[in-house]
K.L.:
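One structure, as structure tokens, below. Some questions next.
We name chains A, B, ... by the order of the sequence lines, and we start the count at 1 in each one. When reading the values below, keep in mind they use all heavy atoms of this one structure, side chains included, and skip hydrogens, waters and symmetry mates.
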Amino acid sequence: MNDFFFQVYQLVRKIPPGRVTSYGAIAAYLGSPGAARMVGWALNASGSQNEFVPAHRVVNRSGLLTGKFHFDTPRTMQELLENEGLKIANGQILNFEKKFWDPAKELKNKL
DNA sequence: TAGCTGACGCCCT
DNA sequence: CAGGGCGCCAGCT
């Protein structure tokens with residue numbers, strides 16, 4: 001396990017319930033914009049982590065639940081998000097802009 | 001050891 | 001407006 005993975009997990013755990021962020025935002029925050037794919041790859045291995053990682057709060061830049069097929073069932077991700085008060089239609093988060101949680105802004109003065 | 005792939009994102013046609 | 005291609009970094013075959 002590399003630091004990159006750890007940083008991703010650490011960051012994802014800081015996402016407040018009811019909020020979501022994007023792979024690109026995380027990648028950019030970690031200093032590697034464009035490496036959004038890596039973030040997804042890291043989350044793919046999040047299941048190997050002992051601590052729970054709210055991977056369902058990470059979606060693509062359009063608010064699409066692109067990673068839902070990597071959960072137990074394709075609807076698990078959506079249900080988890082809905083359980084946190086988010087509205088989802090057609091695999092996409094409604095009001096994504098308002099629910100978006102930008103690590104660069106939220107943690108800018110906290111690190 | 002070299003090459004392919006992947007839960008993305010942006011640019012070009 | 002839609003489709004295709006390249007870049008990003010690390011793990012796996």
K.L.:
Under a 3.5 Å threshold, yes or no: a donor from one side chain and an acceptor from the other, between A:Glu79 and A:His56?
P.N.:
no
K.L.:
I'd like to check A:Leu65 versus A:Leu81 (side-chain heavy atoms, cut-off strictly below 4.5 Å). Are they in contact?
P.N.:
yes
K.L.:
Counting primed atoms plus P, OP1 and OP2 as sugar-phosphate and everything else as base, spell out the protein contacts along nucleotides 6-13 of chain B at 4.0 Å heavy-atom distance: B, S or - for each nucleotide, 5' to 3'.
P.N.:
BBBSS---
K.L.:
When you measure from the side chain of A:Thr21 to the backbone of A:Trp101, do you find a donor-acceptor pair of N or O atoms at a distance under 3.5 Å?
P.N.:
yes
K.L.:
Find out whether A:Arg19 and A:Arg57 are in side-chain contact, i.e. whether some heavy atom of one side chain is under 4.5 Å from a heavy atom of the other.
P.N.:
no
K.L.:
On a whole-Å scale, what distance lies between the P atoms belonging to B:dC4 and C:dG5?
P.N.:
16 Å
K.L.:
How about A:Ile88 and A:Leu94: do any of their side-chain heavy atoms sit closer than 4.5 Å?
P.N.:
no
